Amino acid sequence: MTLTAPHQLPGHLCQSPSTLVRVSERYPMRINPHCLSLIQSVDDPIAKQLLPDTRELEDHQADPDPLKEEAQAPVPQIIHRYPHRVIFLVSNQCPVYCRFCMRKRRLVQDAQVPPDAIRQGIQYIRQSPHHNEVILSGGDPFMLPDGQLLDILQTLHYMPHIRILRIHTRIPNVWPERITRDTAAALSAFHPLYINIHFNHPDEITTEAEHACATLANAGIPLGSQTVMLKGVNDDADTLHRLFHRLLEIRVKPYYVHQLDRVPGTAHFQIPIEKALALMQDLRKSISGQAMPHFMVDLPEGGGKVELLPETCLDRHENKWILKNFDNQPFSYPIK
Ligand SMILES: *Cc1c(COP(=O)(O)O)cnc(C)c1O
Ligand code: SF4
């Protein structure tokens with residue numbers, strides 16, 4: 001059974017249901033059986049991502065939509081920020097609701113995207129010949145029944161100007177049984193199709209998650225990962241190292257690490273950007289380049305994403321730059 005209210009939690013995970021109810025009334029709670037089975041105590045990394053926390057109510061950062069996604073929505077389910085690619089929000093549902101979700105404002109129990117809104121989104125993409133890539137997101141696209149998801153992909157796949165399809169999902173680790181061989185085989189009709197999977201902690205890479213990723217990879221779908229830097233969950237180099245290395249081992253290429261967006265109710269997960277960058281620099285020392293994701297911040301007011309890198313240039317002269325290596329040793333590098 002999927003849990004949607006604090007009093008449904010086992011006692012050791014909820015000392016005071018009446019307090020947590022105030023949180024879940026404000027920001028919906030949802031924990032499915034797979035994730036519940038991974039939670040041992042309130043302090044473990046899955047629990048911290050999914051259990052309502054009273055600190056959510058203490059955070060009054062102003063804007064539920066700091067990235068101005070709504071303003072960049074030409075039709076309700078499309079976010080259009082870059083010239084050639086759009087995000088198409090095909091579902092408002094997820095099997096679990098992460099407490100730090102940047103689209104917290106949109107998460108409502110059981111809300112469906114109306115078929116008309118899907119049609120409007122498709123129409124918008126059809127009439128935008130300069131677009132060449134569509135990213136299905138949400139919520140989670142895999143919350144749609146296969147028939148509906150495949151219909152949308154098929155329609156987009158047959159638009160001549162759409163060259164690349166992408167799905168952003170958390171399903172392979174939060175509801176791995178959803179990824180069947182049949183689903184993967186059906187998806188493989190829409191190549192080039194890429195799937196990016198949200199992973200935050202090595203404990204999420206269970207045997208079941210590994211199997212789901214293998215099923216997709218075996219269908220020829222290139223897999224990437226997206227991770228959010230979260231205080232208390234993954235803000236140490238050892239955890240990130242294990243996460244990214246394990247991802248490579250299951251054929252998921254680490255793609256992005258995101259600085260958490262400042263949406264209300266998430267401040268207790270926030271990490272100073274300096275610390276995040278120091279972690280990325282630490283990783284560089286010890287991890288294969290293949291396992292190294294890009295560290296991204298999403299600019300307020302819909303400015304788009306920017307990659308941040310640890311400082312590597314110590315000094316610039318006319319003919320040479322002084323660069324420091326992974327071990328902080330300076331080297332002179334001729335630039336002309
Ligand atoms: C993140 C994002 C994308 C995808 O960006 P990539 O850098 O290609 O992964 C596209 N559109 C919007 C609005 C986004 O926020
Ligand atoms: S899976 Fe993604 S969209 Fe869904 S609640 Fe978690 S962060 Fe938000």
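Every number for a ligand or one of its atoms is a count from 1 in the order of the listing. For the numbers below, each heavy atom of this structure counts, side chains included, while hydrogens, waters and symmetry mates do not. These figures come from a predicted structure and were not determined experimentally.
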Quiz item: Quick one: does Gln281's side chain get under 4.5 Å of Glu311's, heavy atoms only?
Solution: no
Self-check item: Close-contact set for ligand 1 against Ile135 heavy atoms, below 4.0 Å
Solution: 3 (C), 4 (C), 10 (C)
Practice problem: Would you mind running through ligand 1 and noting each atom that sits below 4.0 Å from a heavy atom of Tyr255? | Solution: 6 (P), 7 (O), 8 (O), 9 (O)
Quiz item: Taking the six-membered ring for Trp, are His241 and His245 parallel (under 30°), tilted (30 to 60°) or perpendicular (over 60°)?
Solution: parallel
Quiz item: Heavy-atom count around Tyr333 OH within 6.0 Å, excluding the residue itself: above 12?
Solution: no
For the 3.5 Å polar cut-off, considering only N or O atoms, please tell me whether [X] and ligand 1 meet it.
{"X": "Lys305", "result": "yes"}
{"X": "His80", "result": "no"}
{"X": "Tyr82", "result": "no"}
{"X": "His168", "result": "no"}

Quiz prompt | Nearest-contact summary for atom 7 (O) of ligand 1 - protein heavy atom, Å | solution = Tyr256 OH, 2.5 Å
Quiz item: Among protein heavy atoms, which sits nearest to atom 12 (C) of ligand 1, and what does the distance come to when rounded to 0.1 Å?
Solution: Ile87 CD1, 3.5 Å
Do NZ/NE/NH1/NH2 and the carboxylate oxygens of [X] and [Y] come within less than 4.0 Å?
{"X": "Asp298", "Y": "Arg81", "result": "yes"}
{"X": "Asp63", "Y": "Arg262", "result": "no"}
{"X": "Asp44", "Y": "Lys48", "result": "no"}

Quiz item: Would you call Arg166 a ligand 1 contact, heavy-atom distance under 4.0 Å?
Solution: yes
Practice problem: Under 2.8 Å from atom 6 (Fe) of ligand 2, which protein N, O or S atoms are there? Could you list them by chain and number? | Solution: Cys98 SG
Practice problem: Begin with the C-alpha distance, continue with both residues' side-chain angles, and end with the deciding distance and a verdict on side-chain hydrogen bond (donor to acceptor under 3.5 Å, both in side chains) for Gln93 and Gln112. | Solution: CA-CA 7 Å; Gln93 304 280 299; Gln112 307 290 329; 4.9 Å; no
Quiz item: Quick one: do Ile162 and Ile221 end up in the same hydrophobic cluster if we chain Ile, Leu, Val, Met, Phe, Trp and Tyr together by side-chain heavy atoms under 4.5 Å apart?
Solution: yes
Self-check item: hydrophobic_cluster_shared for Leu308 and Leu260, side chain cutoff 4.5 Å
Solution: no
